[in-house]
Amino acid sequence: MTIVIADDHPFTLQGTQSFVESYGYQVIATCANGVSALNMIQLRTPDIAILDINMPALDGLDVAKKVQELKLKTKVILLTMHNEMTIYNKSKEYGVYGYILKEHAQVELKNCLSEVAKGNQYASGSLLNDLKSVRETGTGELDKLTFSERKIIELIAQQKTSKQIAEMLFLSEKTIEGHRSNIIEKLGLPKEKNILLKWAMKNGLE
Amino acid sequence: MKNQLIRLFTGLFLFAFSFGACKETSTKMSYHKDPIEKLDSTCKWLSERTHFHNEKYYPIFRNYYAKQLKSKHFDKAAIALGELTELEMYFSFFQESTLDTIRSFQKHYEQKLPWDKTLFVESYIGNYYVNQANYRKAIQSFLKLVVYKPFDYNTCTEVAHGYGDLAFCYFAMGKHEQALRYNAKALALFNQTDNYTGRGGIYDNMALVSLYTKNYTQAEVYFDKAMADYRRANDTGNVLISLHNKIILYQEMNDPKQYDLIDSTYHLFIKSKIRDESLEVALSSFYVDVLLHEGRNSEAKAVLFDMKQNVDTLNSVASDADYNIALANYQIKAGEGIKDIGLIEKALHAVEDQEDYQNQIAFAQVLKDNAVLTKDYQKAYIFSEKLKDAENKISNQRIITKTMELNKLHETKRKEQQIAIQKETISNGKTMIALMFSLIMGLLLVLFIAFSRQRQKKIKTENKRVQQYTKQLLDKTEEERRRIASDLHDSVSHELLNLKHSIGGNTAHSGEKIDSIIKDIRSISRNLHPVMFEKVGLSASINQLLDRAQSVNQLMVTSDIVYCGFLSVSDELQVYRIIQEALSNIIKYAEAVAAKIIIHEGSDELMIQIKDNGKGFHVAETLSKKDAFGLHNIIERSKAIGGFAKIHSDKNGTIITIDLKKTT
């Protein structure tokens with residue numbers, strides 16, 4: 001299993017290399033910027049490339065994109081400080097296998113490498129937690145619902161009709177109806193009249 | 001050419017003196033002769049024409065006149081003198097003694113009487129000099145007469161005669177222009193009276209003017225008018241005078257009718273038994289011509305003999321001239337030659353001095369004929385020169401008259417032209433003024449337009465500059481924020497991470513602490529600048545923003561984004577900031593249930609809309625507040641990217657729309 005590591009912070013680079021080698025992987029090259037990383041990947045086609053995102057010249061995402069374009073067999077893992085869903089989403093577009101945050105590298109890198117080596121994708125747990133963590137945690141049932149769905153059930157509790165809800169949320173009535181059936185399904189409610197209203201009243205969402 | 005013209009006016013004073021009241025009867029004819037004359041018996045006797053040749057006429061007059069002066073009845077004396085002078089004038093029988101009496105009266109008594117009672121004075125003096133062919137002196141007298149403004153029949157007639165006499169004097173001097181002018185004045189005055197004799201005289205005179213300006217048809221018309229007037233007044237004497245003048249016309253026209261007319265007129269005169277020596281002389285001289293023309297020399301000699309007696313009594317230059325010329329003609333015709341050449345030559349000099357060209361011609365003619373007869377060719381030459389001279393003078397006068405007429409016509413035409421030119425100038429001027437005015441207005445308009453264009457351009461550039469400045473400012477701010485965010489995130493966070501690693505995993509508490517710091521820094525950095533905006537793109541960044549708003553602020557925000565990347569990254573960033581600002585406002589103030597972000601990129605335009613269903617606010621009021629930074633921020637950023645922000649808000653919510661025209 002050959003690995004190339006790229007990071008413009010020498011300390012981090014060194015740290016990552018020692019971690020990776022301690023897990024028994026062979027680090028065939030380390031690079032301080034994106035351009036040399038891409039060159040090395042093209043030259044050596046390692047099994048895995050661990051890339052920082054913020055690097056001079058080419059950043060980690062650019063390199064990942066190039067790898068995808070060049071259809072190289074190297075699997076890219078992004079090791080970054082960016083705890084951002086937007087960037088994570090972007091990286092998925094470029095066929096990145098792993099996305100881990102540097103602050104949790106000690107914990108996650110080993111798992112990530114082994115998962116990616118198997119050909120699986122790996123995303124940092126704390127990344128996915130980022131949005132969830134700020135969510136209000138109410139009844140367990142409600143956690144199953146999205147923000148929009150919860151908003152809708154709140155309005156249902158206020159005895160609003162689908163049409164009224166649609167107007168209030170700048171959505172179409174059809175979208176509201178769709179959300180309604182999704183909610184019923186998620187909550188495992190029986191298909192009867194005004195079941196959502198009844199459920200909302202019962203759960204004190206009023 | 002005959003020279004009997006002097007006789008013309010002798011008959012004009014026929015009814016001149018009649019001391020009747022004046023009555024106005026009609027508009028056309030104002031003054032009538034009062035038929036009832038309140039004269040005393042002596043005056044009445046003196047006024048009778050038939051008594052004039054009575055031997056006692058003068059003694060009676062002198063007696064009466066002296067008596068009245070003695071008893072200081074000046075008015076009666078004046079009447080008597082007036083009657084006497086009238087008859088003398090009528091018969092052209094001017095006496096030096098009468099002239100003395102007149103002068104004495106003028107000197108001593110004239111002032112004692114009103115002016116209208118003494119008009120005969122100047123009239124007589126004038127006519128006396130006319131009779132002497134001294135027209136200059138005569139004119140002086142007549143001019144004194146015509147200054148008066150007539151107010152009754154008598155004065156009207158007197159002044160009219162004065163004008164007529166003036167006209168005659170000028171006519172005799174060849175000044176036809178003045179003659180016509182004064183004739184017209186006289187005619188106007190006579191037309192106000194029923195004095196047909198007077199009017200006839202004026203027509204006579206006008207006929208003569210026409211005659212000597214060679215307008216023969218007009219002359220004949222006037223003569224006929226004159227004779228009609230005379231006949232109306234039953235005045236055979238003046239009819240004869242008019243006939244006499246008509247003879248002259250025929251002579252001028254070289255019309256053979258003249259001989260018959262002379263013959264009939266002469267015999268009419270003899271038959272009428274009118275005692276008028278001057279007329280007799282004049283007609284006789286014509287008759288002599290006829291007789292000589294027909295070769296009846298002996299008869300001519302007899303007529304001449306009769307003439308001589310009358311001429312002697314008459315004391316008239318004109319009559320003398322008539323006689324002398326007739327005699328000379330006879331003597332030439334009879335082959336005798338002029339016996340008393342000195343007399344005629346003297347007469348010629350006299351008329352030359354007095355500018356009496358008519359007689360000058362007559363005298364020169366006979367003298368020339370005589371010289372030819374006596375074969376004195378040198379003299380013939382001299383006299384023919386003189387003849388030519390006189391004829392020239394007359395025709396000069398004619399030319400002058402003609403010239404004056406032409407000049408008048410020319411003047412009129414010139415004046416008309418001048419007026420036309422003036423009108424044209426005025427209208428040209430008006431057009432010019434109008435043109436100038438519109439030109440100036442146009443110029444002002446152009447200047448104004450140019451000025452306002454310049455101004456607008458200036459304002460536009462100014463606005464553009466301000467906009468550019470705003471844009472630069474905003475971009476710089478973003479750049480700064482991006483740098484700070486990056487520094488915080490990349491450097492500080494890494495340092496913290498290294499710190500965490502160096503402490504090692506043994507102190508979990510400090511590790512967590514460091515993680516929390518990293519998280520805070522991340523949050524600060526994210527707020528300063530959307531993470532990797534260039535890479536992530538506008539749509540994803542906005543959706544990220546919405547997700548955060550939903551999760552953190554519990555605001556339901558949906559989006560409808562159709563964006564194909566028309567804007568530059570820096571402009572996209574401004575759009576992101578606008579939406580960020582709008583969302584921030586909604587979260588802070590709107591109390592909205594939901595909000596929606598719409599971005600629509602069409603082929604020509606880009607539309608960005610942020611709407612909420614919050615409580616709304618008063619737009620104008622809020623914008624005027626000092627702390628409305630958020631809204632102004634949206635407006636200014638919109639301008640900076642070349643768009644225009646519209647903010648609408650009411651109790652149902654707020655809609656912010658930014659329209660951006662695609663112009664590249």
Side-chain angles (χ1 to χ4, degrees), chain A residues 7-12 14-16 18-19 52-55 59-62 65 80-91 93-94 101-107 126 130-136 146-152 154-155 158 160 164-172 175, chain B residues 486 489-498 500-502 504-505 511 514-519 521-523 525-526 530-537 539-560 592-598 611-613 652-653:
Chain A
D7 200 316
D8 60 332
H9 295 276
F11 247 147
T12 316
Q14 209 180 338
T16 306
S18 58
F19 271 125
D52 186 16
I53 290 179
N54 284 94
M55 286 187 295
D59 65 28
L61 280 172
D62 291 330
K65 197 181 171 190
T80 176
M81 290 293 286
H82 288 299
N83 189 355
E84 299 289 335
M85 281 305 285
T86 52
I87 296 171
Y88 172 66
N89 290 335
K90 207 84 198 167
S91 70
E93 278 179 37
Y94 301 148
L101 297 172
K102 283 182 179 174
E103 65 241 56
H104 305 299
Q106 282 170 297
V107 187
S126 53
D130 183 47
L131 294 175
K132 278 176 188 158
S133 65
V134 290
R135 259 187 213 159
E136 246 182 281
T146 64
F147 177 77
S148 301
E149 286 160 354
R150 273 187 285 142
K151 202 84 192 171
I152 287 164
E154 274 172 32
L155 292 170
Q158 289 167 29
K160 303 277 186 214
Q164 281 171 322
I165 294 165
E167 277 176 14
M168 285 179 87
L169 300 181
F170 300 107
L171 293 168
S172 73
T175 312
Chain B
S486 149
H489 188 262
D490 294 352
S491 306
V492 180
S493 292
H494 270 97
E495 293 308 319
L496 282 168
L497 195 61
N498 288 337
K500 189 182 156 192
H501 290 158
S502 66
I514 290 167
D515 280 345
S516 145
I517 293 168
I518 290 171
K519 213 168 155 185
I521 288 170
R522 187 174 287 140
S523 176
S525 166
R526 193 186 281 138
V531 182
M532 296 190 82
F533 184 77
E534 305 81 39
K535 193 118 280 160
V536 173
S539 307
S541 294
I542 286 168
N543 281 326
Q544 171 78 0
L545 194 63
L546 303 190
D547 277 349
R548 222 166 279 283
Q550 289 199 134
S551 59
V552 176
N553 306 102
Q554 304 296 304
L555 177 71
M556 171 91 184
V557 193
T558 48
S559 66
D560 176 6
V593 177
K596 183 158 192 172
I597 310 295
I598 302 163
K611 54 183 179 183
D612 68 74
N613 51 14
N652 295 320

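Just so we're on the same page: letters track the sequence lines, and every chain starts at 1.
- Between A:Phe11 atom CZ and B:Leu497 atom CG the span is 11.5 Å, to the nearest 0.5 Å.
- With a 4.5 Å cut-off on non-hydrogen atoms, A:His9 touches chain B through its side chain but not through its backbone.
- Expressed to the nearest 0.5 Å, how far CG of A:Asn54 lies from NE2 of B:His494 amounts to 8.0 Å.
- When heavy atoms are compared at a cutoff of 4.5 Å, B:Asp490 approaches chain A by way of both its backbone and its side chain.
- Heavy atoms only, all atoms of each residue included: A:Lys90 and B:Val536 are closest at NZ-O, 3.6 Å.
- Comparing B:Met532, B:Lys611, B:Met556, B:Lys596 by how many heavy-atom pairs each has under 4.5 Å with chain A, the most go to B:Met556.
- With sequence neighbours left out, the salt bridge (charged side-chain N to carboxylate O under 4.0 Å, His left out) criterion links A:Glu167 to no other residue.
- Surrounding NZ of A:Lys151 are more than 12 heavy atoms belonging to other residues, nucleotides or ligands, all under 6.0 Å away.
- Between A:His82 and B:Arg522 there is no side-chain heavy-atom pair separated by less than 4.5 Å.
- Of the atoms belonging to A:Leu169, heavy atoms from both backbone and side chain fall under 4.5 Å from chain B.
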- Task: For the pair B:Ile518 and A:Lys102, evaluate side-chain contact (heavy atoms from CB on, under 4.5 Å) and give the outcome as yes or no after the intermediate values.
- Result: CA-CA 11 Å; B:Ile518 290 171; A:Lys102 283 182 179 174; over 6 Å; no
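- For chain A, the nearby parts of B:Asn613 are the backbone and the side chain; heavy atoms of each come within less than 4.5 Å.
- With a 4.5 Å cut-off on non-hydrogen atoms, B:Thr558 touches chain A through its side chain but not through its backbone.
- Other residues, nucleotides and ligands place more than 12 heavy atoms under 6.0 Å from the CD atom of B:Glu534.
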- Verify salt bridge (Lys or Arg N to Asp or Glu O under 4.0 Å) between B:Arg526 and A:Glu84, making sure each step is shown before the conclusion. CA-CA 9 Å; B:Arg526 193 186 281 138; A:Glu84 299 289 335; 2.6 Å; yes
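- The two residues B:Ala594 and A:Met168 make their nearest non-hydrogen contact at CB-O, 3.2 Å.
- When the candidates B:Leu555, B:Val557, B:Asp560, B:Ile514 are compared by the number of heavy-atom contacts under 4.5 Å with chain A, B:Leu555 comes out ahead.
- Of all the heavy atoms in A:Met81 and B:Ser493, the pair that sits closest is CE-CB, 3.0 Å.
- Ionic pairing of B:Lys535 and A:Glu93 is not present here: no N-O contact between side-chain nitrogen and carboxylate oxygen is shorter than 4.0 angstrom.
- The residue among A:Asp52, A:Asp62, A:Asp8, A:Thr12 with the most heavy atom pairs within less than 4.5 Å of chain B is A:Asp62.
- Interface summary for chain B: among A:Ile53, A:Asp59, A:Thr80, A:Leu155, the most heavy-atom pairs under 4.5 angstrom belong to A:Asp59.
- Taking the salt bridge (charged side-chain N to carboxylate O under 4.0 Å, His left out) definition, one finds that B:Asp612 meets it with nothing, sequence neighbours left out.
- Salt-bridge check for B:Lys519 with A:Glu103: failed, with every basic side-chain N at 4.0 Å or more from each acidic carboxylate O.
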